[in-house]
Structure formats: structure tokens, C-alpha cells
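Comments concern the structure below.
Counting starts at 1 for both ligands and their atoms, following the listed order. This is a predicted model, so every value here is computed, not measured.
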Amino acid sequence: MPDPVLADAAGLVAAAGRVAVLTGAGISTESGIPDFRGPDGLWTRDPAARRLSTLAAYQADPALRRRAWRLRAEHPAWTAEPNRAHRSLVGLERAGRLLALLTQNVDGLHQLAGSAPALVVELHGTLTETVCLSCAARAPMQDALDRVAAGEDDPACTGCGGVLKSATVSFGQRLERAVFRRAIEASAACDLMLVAGSSLTVQPAAGLVRLAVAAGAAAVICNAEPTPYDGMATAVVRGRLGDLLPALLDSVR
Ligand code: NAD
């Protein structure tokens, strides 16, 4: 391993017994799912698309919901395959070092790669279910997508007629309390926080890094671009995650 920064980071990973991993959209771009804020990100290319993830706009604007359903129907997550970065985290788990896999992603690729669902904490929910914004009923996303394919452009809740949305956390919505509590516990108990593919600009998820460091953990941030938390990290590694994570985690196997 010629790169000294990578070698330092690999040393930190090799020395860690309890690793909390925090992943973001950047770990899935090599699987063909665009991120939001990277150079080819959805919001970088189309800043107006941010409204799709804003609860108040989604509730108030039927045209926005129709666009959201069209995008959900053709979302790349339905056909995406996990990449080398997702799979390398399964190796960390098999080595008995993974405390929790905290993910901001909603695409389910960690579980598809073989990560134990019990260790995956989906901070921002999941695309695989819908939730009714009136009665909170949850249902498989496929049911709603079947209705969209059959011609409904804004399917409503079959129970109460309320507005349906993917079971993901939009701007203006709180994270589920029990889910975030698990993330806090893992961040406070880890001896290494490994961040992969996040701009670390979405709170409160990004704040887990500060929490871990304050509790005495080392932090390794792997991302293509700088993040606001790089200054408090023990090591910052730049590059493509499909190369970086296997290189970092090889020594653990
Ligand atoms: P983000 O878009 O804000 O940041 C992604 C970061 O990953 C960027 O800094 C980018 O430079 C980096 N990156 C992209 N591809 C990379 C690669 N191959 N190797 C290394 N780095 C790479 O994403 P975020 O921090 O996760 O926050 C945005 C929100 O977007 C999250 O809440 C998440 O729920 C949501 N989101 C999820 C998905 C998904 O589930 N796959 C996709 C888009 C957005």
C-alpha cells in the first residue's frame, strides 16, 4: 500500500475492535444511483429537484407528487447491484468488528450486499415502503408502483385517502426516535467511526461524527470531496470508494 494516508487509515481500521460505519449516497454512485451533492449529483444538476425532498412542498403540490411518482417508478435502486464498497463492509462484519452500519441511504444496497439487516440502521428510512402522511399506515412500495403503472399518477392511501410518500425522511420530517437512538448509542460506543461517501452536510446524521470523536473514538473519513468534519478526523482519505474501502478493509480480513 504505497499511499501513506491510506496506510495510516488502514492502520486505524486494523487496530479498531468496534467500528461504527456511517455511509451516504456516495457509496452507491458506483452502483449507478446518483448522489445529491456530488459533481454529477441530482441537485448539482437540477437545484429545483430539492423540493421533491421537502415535506411541505410534497404535501401541498400535486404536480410535484406526480413528478415524484414518475421518478420513483424509474428509480435506479430497483435494478442496482451492490458494488465493491458495499461488499467490503460485509467483510468487516464477518471479522466481528462491525458495531453498526449507520446509513443515510434509502436504497437497501447494504442488505442486498449481505450486511445483516439487524446491524443496518437506516437513518433516513427506506424506498421499499410507502407511508401515509395522514394515518401513518405503511405498505410495500411495489403496491403503489403497480398502481402508478396501471395509470394512477398520484396514488392515495387505500385506507384513509391520505397522501402517500416513500417511507424516507424528507426535509421537514424528524428521524425516527428509536432509530436515531441506536445510531447515537453506536457512535458513543465505537472506537472508530468510519465515514464513507457522505458530504456530511445533513443533520443530525453528520453530527454523529462529532459525537463519536467527543466520546474518544478515532474518525476516518473516506469521500471524494472535502467535508465540514475533515478537521476533526484522525485521517481523511480521498478517492473512489470502490477502490478505497477494499484497500482499507483488506487488512481486517
Ligand atoms: P451527498 O449527495 O450530500 O454527498 C455524497 C458525497 O459522496 C459527495 O461529497 C460526493 O463527492 C461523494 N461521492 C460520490 N461518489 C463517490 C465515490 N464513488 N467515491 C467517493 N465519494 C463519492 O449525500 P449524503 O451525504 O448521503 O446526504 C444526502 C442525502 O441524500 C441523504 O439523506 C440520503 O438519504 C439521500 N440520498 C440517498 C441516496 C441513496 O440511497 N443511494 C441517493 C441520493 C441521495
Any idea which protein heavy atom is nearest atom 19 (N) of ligand 1, and the distance to it?
Leu241 N, 3.1 Å
Quick note on ligand 1: atoms under 4.0 Å from a heavy atom of Gly239 include exactly 19 (N), 20 (C)
Protein contact to atom 12 (C) of ligand 1 [nearest heavy atom, distance to 0.1 Å]
Asn223 OD1, 3.2 Å
Counting each atom of ligand 1 from 1 as listed, which ones have a heavy atom of Ala25 under 4.0 Å away?
23 (O), 24 (P), 26 (O), 36 (N), 37 (C), 38 (C), 42 (C), 43 (C), 44 (C)
Numbering the atoms of ligand 1 from 1, which are under 4.0 Å from a heavy atom of Ser28?
41 (N)
Heavy-atom contact check, 4.0 Å cutoff: does Gly197 meet ligand 1?
yes
So Trp43 and Phe171, would you call those rings parallel, tilted or perpendicular, with 30° and 60° as cut-offs?
tilted
Can a donor-acceptor pair be found between the side chains of Glu129 and Gln142 at a distance below 3.5 Å?
no
Any non-hydrogen atom of Ser53 lying under 4.0 Å from ligand 1?
no
Heavy-atom side-chain proximity of Lys165 to Cys132 below 4.5 angstrom
no
Residue pair Leu6 / Leu244: nearest heavy atoms and the distance that separates them:
CD1-CD2, 3.7 Å
Where does Pro34 meet ligand 1, judged by heavy-atom distances below 4.0 Å: at the side chain, the backbone, both, or neither?
backbone
Could you pull out, from Ser199, Pro226, Ala205, the option with a heavy atom nearest to atom 1 (P) of ligand 1?
Ser199
Nearest heavy atom to atom 32 (O) of ligand 1: which of Glu30, His124, Gln104, Arg240 does it belong to?
His124
Kindly state each residue pair satisfying ring-ring contact (aromatic ring centres under 6.0 Å, His included) with at least one member in residues 45-74, sequence neighbours excluded.
none
Would you say Asn83 and Ser31 are linked by a side-chain donor-acceptor pair, where the criterion is simply a distance under 3.5 Å?
yes
min-distance protein heavy atom vs atom 8 (C) of ligand 1 -> Glu225 OE1, 3.6 Å
Have a look at ligand 1 and work out which part of Val202, if any, has a heavy atom under 4.0 Å from it: side chain, backbone, both or neither.
side chain
Between Asp153 and Arg65, is there a side-chain N and carboxylate O pair less than 4.0 Å apart?
no
May I ask you to identify, for Ile33, whether its side chain, its backbone, both or neither come under 4.0 Å of ligand 1 on a heavy-atom basis?
side chain
With Glu30 as partner, the option from Arg240, Arg87, Arg84 fulfilling salt bridge (Lys or Arg N to Asp or Glu O under 4.0 Å) is Arg240
Against heavy atoms of Arg37, which atoms of ligand 1 measure under 4.0 Å?
1 (P), 2 (O), 3 (O), 27 (O), 28 (C)
Residues sharing Leu112's hydrophobic cluster, by side-chain heavy-atom contacts under 4.5 Å among ILVMFWY, directly or via others?
Ile33, Leu109
For Ser198, take its heavy atoms, then give the atoms of ligand 1 lying under 4.0 Å from any of them.
6 (C), 24 (P), 25 (O)
Test of understanding: given a 4.0 Å heavy-atom threshold, classify the contact between Thr29 and ligand 1 as side chain, backbone, both, or neither.
side chain
In the protein, which heavy atom is nearest to atom 40 (O) of ligand 1, and how far is it?
Val106 N, 2.8 Å
For atom 41 (N) of ligand 1, the protein heavy atom that lies nearest, with its residue and separation:
Asp107 OD2, 2.7 Å
Indicate whether any N or O donor in one side chain lies under 3.5 Å from an N or O acceptor in the other, for Gln104 and Thr23.
no
Tell me, which protein residue and heavy-atom name are nearest atom 35 (C) of ligand 1, and how many Å apart are they?
Phe36 CE1, 3.6 Å
So do Pro34 and Pro76 actually touch side chain to side chain, heavy atoms under 4.5 Å?
yes
Using distance alone, with no hydrogens and no angle criterion, decide if His124 and Ser170 have a side-chain donor and acceptor under 3.5 Å apart.
no
Distance to 0.1 Å, residue and atom name: give those for the protein heavy atom nearest to atom 14 (C) of ligand 1.
Asp35 OD2, 3.2 Å
Could you tell me the residue and atom name of the protein heavy atom closest to atom 21 (N) of ligand 1, and the distance to it rounded to 0.1 Å?
Ala224 N, 3.0 Å
Quick one: are Leu92 and Leu101 in side-chain contact, heavy atoms under 4.5 Å?
no
Please compare Ala85, Ala80, Gly26 and report which has the shortest non-hydrogen distance to atom 16 (C) of ligand 1.
Gly26
Pairwise side-chain contact, Arg138 with Thr130, heavy-atom cut-off 4.5 Å (strictly under):
no
Ligand 1 to Gly24, heavy atom cutoff 4.0 Å, flagged ligand atoms 26 (O)
